[in-house]
Structures are given as structure tokens and as C-alpha cells.
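In this text, all values refer to a predicted model and were calculated from it rather than measured experimentally. Below, read A as the first sequence line, B as the second, and so on, with proteins coming before strands; counting in each chain starts at 1.
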Number of protein chains: 2
Amino acid sequence: MTERADAARNRRRILDAAVRVLRTQGASALTADTVAKEAGVGVGTVYRRFENRARLVYELIEENETRFQEELAGHASEPPRERLRAFLHGMADLLEEQRALLLIAEASAPAARYLSRPYRTHHEQLTSLVAELTPTVDAAYLADLLLMAYTPGLFDHQRGERDWPLERIKSGLDTLVDGIARTTERPS
Amino acid sequence: MTERADAARNRRRILDAAVRVLRTQGASALTADTVAKEAGVGVGTVYRRFENRARLVYELIEENETRFQEELAGHASEPPRERLRAFLHGMADLLEEQRALLLIAEASAPAARYLSRPYRTHHEQLTSLVAELTPTVDAAYLADLLLMAYTPGLFDHQRGERDWPLERIKSGLDTLVDGIARTTERPS
DNA sequence: CAGGCAAGCGGAGAGCTCTCCGCTTGCCAG
DNA sequence: CTGGCAAGCGGAGAGCTCTCCGCTTGCCTG
């Protein structure tokens, strides 16, 4: 049930081509045609391998995910609240870095995000962090909400349109975490 | 600086045509061409009046906004926490109703949401509600986060893909509000 | 009640995403 | 080694959003 040799080769070619296009021509040039031409395959092949443009982008993103996960591992021994903080701040930095690329993905298929590997991974990690912090709460729901802080369109609006500093976003999230943590303290 | 008579007439025609298309052919048929034909104008006119597809949809949505605002007014005399609850539950019901339409708007231009009149209005209202509840918090930021719970793609994913009942979403939000409220109680 | 011009109009067309289908090719069974 | 066929391939084309620009029209000024 695994990919045929030529298919796997083309998958890699397309991913590599996408990185090259991104570096030399910027995020807005990342169209199926451009990538296909750069990779030396037909557009049909791009869509056969990646289903849609957003999927391709998320696959690209995932190749950068390792760094973030290693950073997280460095906090493994700290208490839940610190780990949650580290996660949220790390995500903010990640988004700040990959803003343009993520905006492309969102514009081309907003719903693909929730099905992407990065989202699922982050959601799982956040869910267990929140559950550790306060067992009485709907952790899976809160995890979604926290991840929504990193919706590219919102983030871009806050940073660009409203000209908020990154610090404001981080401390907003910190306050929220404090609120969540306090939910179990005194079950009013 | 006001719209010329023919322009205003066409704006109304387009809006009415859009409602008709929506009722008879469903949300997915709401394309510029279809609406233009139904309204008896050219596509150019549609885009001259509405800038993009999402804008048109948000204008449509806004015409239904009155009912929600009246409902809110009914709670005006209650304490902030109750008003916030009423707001959030009302929004959930609204989204449940207009899900298909809002998905269209999001798919066609995710970033347009933050600039739309409904978003701005809701953001203002939420900001002051949150500020009333706990003055020590970044109310504008929290208002954004709360509104992100109503991102069409997320909501649809939770309701459809994950098959969560609407009640789960509402009570998740309630818990969050409790957490926020508690933030000021004992400044730890 | 002209005459001039800013504003509006329509639709051809550019540029995109994604589908479809006739042809080609890797892979396994015999 | 060979034959058969599932899987993969390429690119034409459907269908969409939005732009551009030559023509038309409402409205104000004198």
C-alpha cells in the first residue's frame, strides 16, 4: 500500500521545488503551475500527490516542525504551567516567522488547517497540557481555542493592521492561562 | 459623497438577487456570475459595489443582525457575567443557523472577516463586556479570542467532523468566562 | 435647460485552482 | 524474462474571482 517509486520521487521533487520557489520568488509565486514547472512535472501530478494547495504548504511547514518540538522537549521537567507558557510563546514565534506562508495556506483552503498534521499534533499536546493544569475543564475545547490565537489571518491583522507588538499577544495568552489555572483552585 | 441613484439601486438589486439565489439554489451557487445574472447587471457592477465575494456575504449577514442585537438588549439590566453569557450563547446559535453562508465567506477571503462590520461591532461589544467583568485584563485581546470560537471552519469541524453537540461548545465558553472572571478575584 | 465630467456600467479576458481522461510505467506472479 | 494491470502521469479545459477599459449616464453649475 506504499507509494510507488516514481510517485515518491515526484513527491520529493515537488517539495524541493516549492522550497526553491519560495526562496527565490516569494510566497505569492507559490502556484501549482510555477511549482510544477520548477519540479519538471505536470500540474496533474502536483494535485495527485497533494490534494490541494494548502496541503502542500502544510507538508512544507511540517518539515520545519522538528526545531519547535526539540525546544519543547527542553522544558519537559518543568511544571505544567511553565510548559504551557513555553508552548504558547514558541507557537507565537513560529507564526511570526512563517506568517506569509501560512497566510497562503489559509487563503487557499481555510478548513484544511484542522485536518493538517501540525494542527492535530499541536492540539493533542495542548489538550494534555491543559488537562494536567486543570482536570475539571474541557481540555480539548480549550486547546482549539488556544490554537485559534494562531490563526494566520487574525495574527496578521493584530500585528499589521492594528500594529500590536508580539509581546501583547504573548502576555494576553499568559493572562488567559492564569485564568484557566485558577478555574480549579476554588470550585466556587 | 453619497452613492449615485443608479448605484444605490444596483446595490439593492444585487443584495436581493443574492438572497433569492441563496434560497432557491443554495450557498454554493452564490457566485458573482449567478448573482449578476439574477440581478440583471454585469459582473463588473457586482465587484464595483462589493469589492469581493466575502464582502457581499457579510453585507447579507448584517441585514440579519438586528434580531441578535434586540435579543441582547433584553439582558441589558443583568450583571456583566450574565450579559457575556447571553452574548456568547446567542452568537453560537447565530453561527449554527448561518453556517453554510459563513463558510462561503471564509473560503473566499478569510482575512475579510476582521474588517467586516459584524466583526467590528461584536468586537467592540465584547471588549466592553470583558472590561466590565475584569478591568485588569487585556479586554480587546480576549474579545478577539472569544470571537475566534466562532470561526466558521472551526465550528464546522467541531460540529461536523468531530460530531460535538452545540451544548459542548456553549459550556466550554462558559467555563472560560468563569476563568476570566476569576482573574481579578484574588490577584495572586 | 444645457453642457461637462465624475461616477457608474458591462463583459472580455487574465490568472488561478482543481478535474478528467487517454496514455505510460513500475511491479509482481508465473 | 514476460505479461497484465493498478498506479501514476501530463496537460487541456471547466469553472471560478477579480481587473480593466471604452462607453454611458446622473447630477451639478451657470
Query raised in the report: Does the side chain of B:Arg4 get closer than 4.0 angstrom to OP1 or OP2 of D:dG26 through an N or O atom?
Result: no
**Report entry** Base-pairing assignment for D:dG22 (Watson-Crick or G-U wobble, both under 3.5 Å)
**Finding:** C:dC9
Requested in this report: Give the rounded distance in Å between these two atoms: CZ of A:Arg12 and P of D:dG8.
Outcome: 17 Å
Report task. Rounded to the nearest angstrom, tell me the gap between atom CZ in A:Arg13 and atom C1' in D:dC9. Result -> 12 Å
Report summary line: Separation of D:dG15 atom P from B:Gln25 atom CD, nearest Å, is 15 Å
Requested in this report: Check whether any side-chain nitrogen or oxygen of B:Arg49 sits under 4.0 Å from OP1 or OP2 of C:dG8, and answer yes or no.
Outcome: yes
Query raised in the report: Among C:dT17, D:dT17, D:dC9, which nucleotide sits nearest the side chain of A:Asn10?
Result: D:dC9
Query - Candidate nucleotides D:dT17, C:dG26, D:dC27, ranked by approach to the side chain of B:Asp33 - the nearest - result: D:dT17
Report summary line: Value for OH (B:Tyr47) from CD1 (B:Ile14), rounded to nearest 0.5 Å, stands at 11.0 Å
Query raised in the report: Which listed nucleotide (C:dT17, D:dC9, C:dG11) is nearest to the side chain of A:Thr31?
Result: C:dT17
Report task. Rounded to the nearest angstrom, tell me the gap between atom CZ in B:Arg48 and atom P in D:dT24. Result -> 16 Å
Requested in this report: Let me know the distance between CD of A:Glu51 and C1' of C:dT19, rounded to the nearest Å.
Outcome: 13 Å
Query raised in the report: C:dC16 C1' sits how many Å from B:Asn52 CG, rounded?
Result: 16 Å
Requested in this report: From the options D:dG10, C:dT17, C:dG26, select the nucleotide whose nearest atom is closest to the side chain of A:Arg53.
Outcome: C:dT17
Query raised in the report: Do we get B:Arg53 above B:Tyr58's six-membered ring, with its NZ or CZ under 6.0 Å from the centre and within 45° of the axis?
Result: no
Query raised in the report: If you look at every heavy atom in B:Tyr141 and A:Gly172, which pair is closest and at what distance?
Result: CD2-CA, 3.6 Å
Report summary line: Whichever of B:Ala109 and B:Ala5 has the more 5' nearest nucleotide on DNA chain D, that residue is B:Ala109
Query raised in the report: Any side-chain donor-acceptor pair under 3.5 Å between B:Glu38 and B:Gln25?
Result: no
Report task. Could you tell me the separation between the NZ atom of B:Lys37 and the C1' atom of C:dA12, rounded to a whole number of Å? Result -> 13 Å
Report task. Provide, to the nearest angstrom, the distance between the CD1 atom belonging to B:Ile104 and the P atom belonging to D:dG15. Result -> 17 Å
Query - A:Ala7 side-chain proximity, nearest of D:dG8, D:dG10, C:dC18 - result: D:dG8
Report summary line: Judged by nearest nucleotide, the residue sitting upstream toward the 5' end of DNA chain D, B:Tyr47 or A:Asp6, is A:Asp6
**Report entry** Donor-acceptor side-chain pairing of B:Gln125 and B:His122 below 3.5 angstrom
**Finding:** no
